[in-house]
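Here is how names work: the chains are called A, B, and so on, in the same order as the sequence lines, proteins then strands, and each is numbered from 1. The analysis underlying the following values was restricted to heavy atoms, covering all of them including side chains, and did not include hydrogens, waters or symmetry mates.
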2 protein chains.
Amino acid sequence: MTKDGKKTNGIVTLKEVAAALGLSTMTVSRALNDRPNVNPETKKRIQEVATKMGYTPNHVAKSLVSNRTYTIGVVIPEIGHAFFPEVVRGIDEISSEANYQIFLTNSSEDFEKEKRSIEALRAKRVDGILVSTSIKSTDFSFFENLKNTGIKIVFFDRCIYNLGISCIGVNDRVASRQITEHLIKNGYKKIAYLSGPPEVTIGRERLAGFREALTNAGIEINEDRIVETGLTEIDGKEAMNKLLALPKQDRPDAVATVNDPSALGAIEAIKEYGLSIPEDIAIVGFTNEVRASIIDPPLTTINQPAYDVGKRAAYKLLRTIENENEPVENVELIANLVIRKSCGSNS
Amino acid sequence: MTKDGKKTNGIVTLKEVAAALGLSTMTVSRALNDRPNVNPETKKRIQEVATKMGYTPNHVAKSLVSNRTYTIGVVIPEIGHAFFPEVVRGIDEISSEANYQIFLTNSSEDFEKEKRSIEALRAKRVDGILVSTSIKSTDFSFFENLKNTGIKIVFFDRCIYNLGISCIGVNDRVASRQITEHLIKNGYKKIAYLSGPPEVTIGRERLAGFREALTNAGIEINEDRIVETGLTEIDGKEAMNKLLALPKQDRPDAVATVNDPSALGAIEAIKEYGLSIPEDIAIVGFTNEVRASIIDPPLTTINQPAYDVGKRAAYKLLRTIENENEPVENVELIANLVIRKSCGSNS
DNA sequence: GAATTGTATGTTAACGATAACATTAATCTA
DNA sequence: TAGATTAATGTTATCGTTAACATACAATTC
C-alpha cells in the first residue's frame with residue numbers, strides 16, 4: 001500500500017496511469033490502442049507518461065473482455081525425437097509473426113498426460129490447439145468431444161481422420177512405397193519391415209506403403225518379416241535382433257523401417273551381430289533426421305519436411321481461428337527419397 | 001443468443017451452471033473448488049450438473065482475480081541445437097508436475113526477437129521466465145530493467161552474472177580445461193581452439209578453460225590458433241578451413257571446440273581436406289549431442305546434462321515464484337568428459 | 001443565432017471468477 | 001429458552017480492460 005491507501009504490487013495499471021494524468025481510464029486506453037477521437041497532444045502526453053511509469057498492458061484482462069487469448073497450445077508426443085523440435089520451430093515462426101504465443105506440452109507418448117495437458121489448455125482458453133497424438137491415443141471420442149466444445153484443432157504428422165479435423169501430414173504411404181520400391185530396384189527380395197505401432201497414422205500408412213510396393217512387384221509378403229515395434233532406437237534394435245534370430249534362409253537381405261531412430265537401432269544390432277551394411281543386409285529409414293547423413297554407412301531415408309509441417313499446421317490453425325468458414329482439409333506435404341549408401345546404391 | 005436472451009458462445013460459465021441449479025455462483029464456485037461449508041449433497045449435485053454441462057473453469061478470469069497465471073515463459077536461443085529440446089524436456093517435466101504451463105519462444109539468436117517475446121510474456125503476465133540469452137544479447141540493462149519490474153527470472157546455460165538473477169549452468173570452464181588437458185595428456189602440443197562468441201558466458205568460460213589448461217601445462221598460447229566463430233556446423237567448418245590454410249608448420253595437431261556442432265563442421269572440413277582424424281588432427285567437442293557417438297570417428301566431448309539443467313532451472317524458478325525469500329544462486333552442474341576415438345585415445 | 005455536427009472526454013456495465021462480508025436456519029450451550 | 005455458535009447459502013465489490021452509451025463544448029451550417 002502507498003500512503004494514500006492505493007495498493008501497488010509493482011505492476012502499473014491503466015487506472016494508475018490515468019490518475020497520474022488526471023484523465024479517465026477510457027481516454028488512456030484509447031490513446032494507447034491508437035483509437036480515434038483522442039487529441040494528438042493528449043495522446044502524446046499519455047504515451048510518454050505510460051512509458052515513464054513502465055506500463056505494460058494486461059493481456060489477461062484484455063482476454064477476459066475480448067474472449068481471445070492470442071495463444072495456441074501445441075501438443076507433441078516426444079520432444080526427444082529430432083523431428084518434433086523442427087516442427088515446433090516452424091510453428092513458432094508462423095505464430096510469433098502473427099503475435100500468438102505458444103504453450104508447448106510434451107506428452108511423452110502418454111495419453112493420460114496428453115489429456116491432462118489438453119484440459120489445462122482449455123482452461124487457459126487457448127484460441128486453438130495443434131496436436132500430434134501419442135501412440136496410445138486410441139480413444140478417438142476424446143478428440144470428438146473436444147472438437148464439440150468448439151475449440152479449434154489441427155492435427156499434424158499423427159492424425160485421426162473422419163473427425164472433421166484438419167490434418168497436416170506428409171505423403172507417408174506413397175513415400176514408404178517409393179523407398180521400398182527403391183530396395184526392390186536394387187535387387188533385394190527378402191525385405192523385412194520394422195513397423196511402428198498401428199495406433200498412429202504414420203504406423204499404418206507407412207506399413208501400407210511397404211505392402212503396396214511388394215504386392216505391386218509381385219513379391220509375396222512374408223508376415224514373419226514384419227515386426228511390429230515402437231518408434232525408438234531401443235525398439236528398433238530389439239526388433240532387428242528378432243529378425244537376426246530367424247533361421248538363416250528366412251533372414252532378410254534388406255530392412256525398411258518406420259523411422260530413422262528405429263533404423264539406427266537396427267544398424268547397431270546388425271553391426272553387433274557382425275554383419276555388414278549394405279553387403280549382408282541393406283537398410284533404409286524414414287524421417288531424415290540429423291544423424292541419418294553421418295551414420296556409417298549414411299542412411300537412405302525419406303526426407304520429411306518437418307519445418308514446413310510446422311509452418312503449414314500453424315498457418316492452418318490460425319486461419320481456422322480467424323475465419324469462421326475455413327474448410328477442413330487434409331494436407332499431404334511431399335516427403336522425398338534421399339538415397340545414400342545404406343541401401344546398396346552407390347550414389 | 002438463446003430464446004431467453006442470454007448469450008452463449010458455447011462455453012459454459014459458472015453463472016450458467018448456477019442458474020441451471022437455482023443456486024448462487026458462489027456456492028457453485030465453492031463446490032467445484034472443494035471449499036468447506038457446502039452441503040455434501042448439494043456439492044454432489046453441483047459436480048454432476050457441471051460435468052453434464054461440460055463446464056471448464058476459466059483460468060483467464062481466475063488469473064485476473066488471483067494475479068497468478070500458473071504459466072512460465074521459456075526463452076531459448078535456438079531450438080535447432082539438440083541441446084535445447086532436451087532442456088525443454090526437463091523444464092516440461094517439472095512444470096507440468098506442478099500444474100504450470102510453459103510458453104515456449106525461440107529467439108533464433110536474434111536479440112530483437114528475444115526482447116519482443118519477453119515483452120509479450122510480460123503482457124501475458126507469466127509468473128516467471130526462464131532465459132538462455134541469444135549470442136547477440138549484449139544489452140544487459142534490458143535484463144536489469146526487466147528484473148526491476150518484479151518479474152521472476154532464472155537464467156540457464158547462457159547467463160548474465162552480477163544482476164542478482166539465479167543461473168543454472170554447467171561447470172564450463174573446468175570441463176573445458178579438463179578436455180584440453182586430455183588432449184595434452186595424449187601428447188598434442190599445437191592445440192587450436194574454435195571459440196564461440198565472447199558475448200555469451202559459454203563462449204568466454206570455455207575459452208578461459210582452454211587457456212588455463214595450456215598455461216598450466218606450460219604450453220605457450222599461439223593466438224593464431226584461436227579462431228573466434230559461431231556455434232553452428234557451418235561456422236565450425238569455416239573456422240577449421242582457416243586453420244587448415246595456415247602454413248604447414250603452424251597447423252594444429254589437435255583442435256578443441258566450443259561445442260559439438262562446430263566440431264562436426266570442423267570434422268567435415270578436415271575430411272574434405274584429405275586429412276584423417278585423429279592421426280593427422282585430433283578433435284574434441286563439447287555438449288555430447290546425439291551425433292557425437294555415431295560420427296566417424298566417435299567424438300570425444302563433454303557430456304552436458306541438458307535434461308537436468310532444464311529440471312533444475314524450472315525447479316529454481318518455481319521456488320523463486322512461490323517463495324518470497326528464495327535466495328539468488330549460481331548452480332553449476334557437473335559436465336563430465338566422454339572419451340571416444342576422435343582425440344587419439346583408444347578407449 | 002438556433003440547430004446541427006463533430007471532437008474530445010467521461011461514466012457505466014460487462015467479461016468470469018473469487019474474497020469478504022451478510023444472511024438465514026439449524027444446533028448447541030448453560 | 002435466550003443467546004451463542006455453526007453450517008449452508010447469498011450479496012456485493014473487485015481484478016484490469018474495453019464496449020456502449022453519455023456529456024460537454026467548439027465548429028459548422030443555413
Measure [atom1]/[X] against [atom2]/[N] and give the value in whole Å, please.
X	N	atom1	atom2	answer
B:Asp34	C:dT18	CG	P	12 Å
B:Leu64	D:dT18	CG	P	12 Å
A:Asn67	C:dA14	CG	C1'	12 Å
B:Lys62	C:dG16	NZ	C1'	11 Å
B:Leu14	C:dA19	CG	C1'	14 Å
A:Arg35	C:dG10	CZ	C1'	16 Å
B:Arg122	D:dG16	CZ	C1'	15 Å
B:Leu23	C:dT23	CG	P	20 Å

So what does [X] hit on the nucleic acid, given a heavy-atom distance under 4.0 Å: a base, only sugar-phosphate, or nothing?
X	result
B:Ser24	base
A:Arg68	nothing
A:Pro36	nothing
A:Ser66	nothing

Strictly below 4.0 Å: does [X] bring a side-chain N or O up to OP1 or OP2 of [N]?
X	N	result
A:Thr42	C:dA8	no
B:Ser29	C:dA17	no
A:Asn39	C:dT7	no

Residue mapping more 5' on DNA chain D - nearest nucleotide basis, B:Asn37 or A:His59: B:Asn37
Taking for each residue the nucleotide of DNA chain D with the nearest heavy atom, is it B:Arg125 or B:Met26 whose nucleotide lies nearer the 5' end?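 Closer to the 5' end of DNA chain D: B:Met26.
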What pair of heavy atoms forms the shortest contact from [X] to [Y], and how long is it?
X	Y	result
B:Gln101	A:Ala120	NE2-CB, 3.5 Å
B:Gly128	B:Leu317	C-CD2, 3.8 Å
B:Ala31	B:Lys43	O-CE, 4.0 Å
B:Ile102	B:Ser95	CG2-OG, 3.3 Å

State yes or no: are the ring centers of B:Phe155 and B:Phe143 separated by less than 6.0 Å?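 Ring centres of B:Phe143 and B:Phe155 closer than 6.0 Å.
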From the candidates D:dT9, C:dC15, D:dA20, the one with an atom nearest any side-chain atom of A:Arg30 is D:dA20
Nearest to the side chain of B:Thr13, which nucleotide is it out of C:dA17, D:dG16, C:dT9?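 So the side chain of B:Thr13 is nearest to C:dA17.
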